[in-house]
Colleague: 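First the structure, then my questions, so here it is.
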Amino acid sequence: MGLFKRNPFGHILFIKKWLIRIFGVVTHRRYRGFNELQIEGSEVIRNLPDTNVLFISNHQTYFADVVAMFHVFNASLSGRDDTIKNVCYLWQPKMNIYYVAAKETMRAGLLPRILAYVGAITVERTWRSKGKDVTEKREVNPNDTENIKIALADGWVITFPQGTTKSFKPVRKGTAHIIKEHKPIVVPIVIDGFRRSFDKKGLRLKKKGILQSFIIKEPLEIDYDNETIEEIVEKVEYAIEQHPSFLKVIPAEELEAQKELDKMRKWDY
C-alpha cells in the first residue's frame with residue numbers, strides 16, 4: 001500500500017488505518033471489560049465476499065453501534081469465533097468498511113468529524129432535521145445514493161434503515177430502493193444493551209456490567225427483480241426484529257409478574 005493511497009472518497013488509507021487502530025484500542029474495553037459483548041454468527045462474516053455487502057441493523061446509539069461492528073467484523077475476519085478477545089485483530093483492519101450516517105450528526109463537533117474519516121457516508125435526512133421530524137420532507141440528494149453505490153462497489157456498507165435510535169420506528173423505503181437497485185448481499189444484525197451501556201451519542205459510558213448482544217444473521221433471500229419495495233421493507237423489519245408484531249410479544253418479566261399476581265389472587269380468594 002502506497003503511503004498516500006486513497007479510497008474512492010479521497011481518504012488516505014494510511015491515516016484511516018491508524019485512526020481505526022487508535023480508536024479500536026481506546027474503545028475495546030467498552031465491549032470487553034467494562035461491559036461484555038456477546039456475539040453470535042462470526043462465521044457469517046468470514047463467508048462474505050469482499051464487496052457489495054449491505055449490513056442492516058437496528059440502532060441504539062449514534063456511534064457505539066458502529067464501533068462495535070468494526071470490532072466484531074475485524075475480529076471475525078481474523079479467525080476469532082464470537083469474541084473480540086485480544087485487540088491485535090485491528091493491526092491489519094479491513095479498510096473498505098463504510099457506514100451510512102446523518103450529515104448533521106457527523107458535523108457536530110471535532111470527534112464526529114474524525115470518526116467520519118474512518119468510513120462515514122454522510123447523507124441528508126429528508127424526514128428529520130436537528131433531532132426533530134419535519135413535516136415538509138426534502139428531496140433525496142442524488143449524490144447521497146451515488147456515494148452508497150460507490151461504497152458498495154468498493155466494499156461493505158453498514159446502514160440503520162430506521163434512521164433513528166428509537167425502537168420500532170418504520171424502516172425507510174430508501175434502504176429497500178438501494179437493495180433493489182444494487183442487489184447487494186444483505187446481512188441483518190440485531191443488537192441490544194447499547195442503549196443501557198452508553199449515552200445517546202454512544203460516546204460516554206453510562207453504566208458498567210451490561211451484557212451487550214450482537215447477533216449476525218444469515219443473509220436474506222431476496223428476489224431483487226420481483227419483490228416490491230413494500231415487501232423488501234417488511235422483510236427488513238422482520239430481519240432486524242423491528243416489525244410492529246414484535247411489540248405483541250410479552251416479555252418474560254411480565255409473565256413472571258403475572259404469575260406472582262395470580263398467586264396473590266388465589267390466596268385472597
Side-chain angles (χ1 to χ4, degrees), residues 7-8 13 16-17 19-21 23-25 27-33 35-61 63-101 115 118-121 148 150-161 175 178-179 182-194 197 202 211-222 224 235-236 238-242:
N7 66 14
L13 294 181
K16 179 175 178 176
K17 177 181 283 189
L19 286 175
I20 294 173
R21 289 171 176 172
F23 279 108
V25 170
T27 60
H28 186 251
R29 289 200 67 196
R30 294 166 138 234
Y31 309 100
R32 185 178 171 85
N35 295 294
E36 193 63 33
L37 184 63
Q38 188 176 65
I39 306 163
E40 294 180 25
S42 289
E43 70 283 353
V44 175
I45 300 297
R46 289 194 290 272
N47 292 328
L48 296 172
D50 192 48
T51 63
N52 205 35
V53 177
L54 182 69
F55 294 92
I56 54 173
S57 175
N58 61 313
H59 203 17
Q60 296 198 336
T61 72
F63 299 111
D65 309 4
V66 170
V67 173
M69 291 180 188
F70 271 79
H71 277 290
V72 173
F73 294 173
N74 282 289
S76 300
L77 291 172
S78 297
R80 289 161 175 77
D81 289 320
D82 297 338
T83 181
I84 57 170
K85 183 180 179 180
N86 190 344
V87 76
C88 290
Y89 54 75
L90 285 177
W91 184 248
Q92 293 296 338
K94 182 174 174 61
M95 300 296 293
N96 55 347
I97 300 177
Y98 304 94
Y99 61 97
V100 179
L115 290 172
V118 172
I121 308 167
I148 294 173
I150 293 170
L152 283 170
D154 186 60
W156 295 356
V157 174
I158 301 163
T159 188
F160 303 97
T175 300
I178 291 168
I179 292 171
H182 303 302
K183 300 177 174 58
I185 293 175
V186 181
V187 181
I189 294 175
V190 178
I191 61 171
D192 195 21
F194 292 78
S197 307
L211 183 63
Q212 304 158 337
S213 64
F214 191 107
I215 301 172
I216 307 159
K217 298 184 177 182
E218 292 290 341
L220 294 182
E221 293 184 7
I222 300 173
Y224 301 101
K235 187 170 285 188
V236 168
Y238 274 111
I240 63 173
E241 299 181 7
Q242 292 294 298

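Side chains included, hydrogens not; waters and symmetry mates left out as well; all remaining heavy atoms used. Residue numbers run from 1 in the order of the sequence given. Everything numeric here is computed off the predicted structure, so don't read it as measured data.
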Colleague: Quick one: pull up CG in N35 and CD in Q212 and give me the separation to the nearest 0.5 Å.
Modeller: 4.5 Å
Colleague: Checking side-chain contact (heavy atoms from CB on, under 4.5 Å) for the pair N86/R32: CA distance, chi angles, key distance, verdict?
Modeller: CA-CA 10 Å; N86 190 344; R32 185 178 171 85; over 6 Å; no
Colleague: Does R46 reach the main-chain N or O of R80 with its side chain, forming a donor-acceptor pair under 3.5 Å?
Modeller: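 It does hold such a pair.
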Colleague: Does some side-chain heavy atom of I191 sit less than 4.5 Å from a side-chain heavy atom of N58?
Modeller: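 Yes, close enough: below the 4.5 Å cut-off.
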Colleague: Could you grab the distance from atom CD1 of I84 to atom OG of S78, nearest 0.5 Å is fine?
Modeller: 12.0 Å
Colleague: Which residues pass the side-chain contact (heavy atoms from CB on, under 4.5 Å) test with V186, sequence neighbours left out?
Modeller: I56, I179, P184, L220, I222
Colleague: What is the minimum heavy-atom distance between A151 and V157, and which atoms define it?
Modeller: CB-CG2, 3.5 Å
Colleague: For atom NZ of K183, is the number of surrounding heavy atoms from other residues, nucleotides or ligands below 6.0 Å larger than 12?
Modeller: yes
Colleague: Can you list the residues that meet the ring-ring contact (aromatic ring centres under 6.0 Å, His included) rule with F55, with sequence neighbours excluded?
Modeller: F73, W156
Colleague: Mind checking whether N74 and W91 have side chains closer than 4.5 Å, heavy atoms only?
Modeller: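 They are not in side-chain contact.
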Colleague: Roughly how far, to the nearest 0.5 Å, is the CZ atom of R21 from the SG atom of C88?
Modeller: 11.0 Å
Colleague: Checking L13 against K17 for the side-chain contact (heavy atoms from CB on, under 4.5 Å) test, could you report, in this order, the C-alpha distance in whole Å, the side-chain angles of both residues, the deciding distance, and whether it holds?
Modeller: CA-CA 6 Å; L13 294 181; K17 177 181 283 189; over 6 Å; no
Colleague: Of the non-hydrogen atoms in A68 and F194, which two are nearest, and what is the gap between them?
Modeller: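 Closest approach of A68 to F194, heavy atoms only: CB-CE2, 3.6 Å.
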Colleague: Hey, what's the ring geometry for F160 with H59, parallel, tilted or perpendicular (30° and 60° as the breaks)?
Modeller: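 The rings of F160 and H59 lie parallel, inter-plane angle below 30°.
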Colleague: Determine whether I215 and P188 make a side-chain contact, defined as any pair of heavy atoms from C-beta on separated by less than 4.5 Å.
Modeller: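 Result no, sub-4.5 Å side-chain heavy-atom pair not found.
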Colleague: Is a side-chain N or O of D82 found less than 3.5 angstrom from the main chain of Q38, in a donor-acceptor match?
Modeller: no
Colleague: CD1 of I240 to NZ of K217: how many Å apart, nearest 0.5 Å?
Modeller: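 Nearest 0.5 Å value for the CD1-NZ distance: 9.0 Å.
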Colleague: Looking only at heavy atoms, what is the nearest atom pair of T83 and A75, with distance?
Modeller: O-CB, 3.5 Å
Colleague: Side chains of V100 and T175: closer than 4.5 Å at any heavy-atom pair?
Modeller: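 The answer is no, as the side chains (C-beta and beyond) never meet within the 4.5 Å cut-off.
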Colleague: Is there a side-chain contact between L48 and I45 in this structure, where contact means two heavy atoms from C-beta onward sitting under 4.5 Å apart?
Modeller: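 They are in side-chain contact.
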Colleague: How long is the straight-line distance from NE2 of H182 back to CD1 of I148, given to the nearest 0.5 Å?
Modeller: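 The NE2 atom of H182 is 7.5 Å from CD1 of I148, to the nearest 0.5 Å.
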Colleague: What are the two closest non-hydrogen atoms of P219 and V44, and how far apart are they?
Modeller: CD-CG1, 4.2 Å
Colleague: Is any side-chain heavy atom of I158 closer than 4.5 Å to a side-chain heavy atom of I189?
Modeller: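 SC-SC contact between I158 and I189 ruled out.
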Colleague: Do D65 and S57 have side chains that approach each other closer than 4.5 Å (heavy atoms only, starting at C-beta)?
Modeller: no
Colleague: Looking at side-chain heavy atoms only, is the closest gap between D192 and Q60 below 4.5 Å?
Modeller: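 With C-beta onward as the side chain, the pair touches.
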Colleague: List the steps and the verdict of side-chain contact (heavy atoms from CB on, under 4.5 Å) for I97 and I20.
Modeller: CA-CA 11 Å; I97 300 177; I20 294 173; over 6 Å; no
Colleague: May I ask you to check if K16 and Y98 form a cation-pi contact, with NZ or CZ under 6.0 angstrom from the six-membered ring centre and within 45° of the axis?
Modeller: yes
Colleague: Within this structure, what is the CD1-NE2 distance for the pair I39 and H71, rounded to the nearest 0.5 Å?
Modeller: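 One finds 10.0 Å between CD1 of I39 and NE2 of H71.
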Colleague: Going through the distances and angles, do V67 and F23 end up as a side-chain contact (heavy atoms from CB on, under 4.5 Å)?
Modeller: CA-CA 9 Å; V67 173; F23 279 108; over 6 Å; no
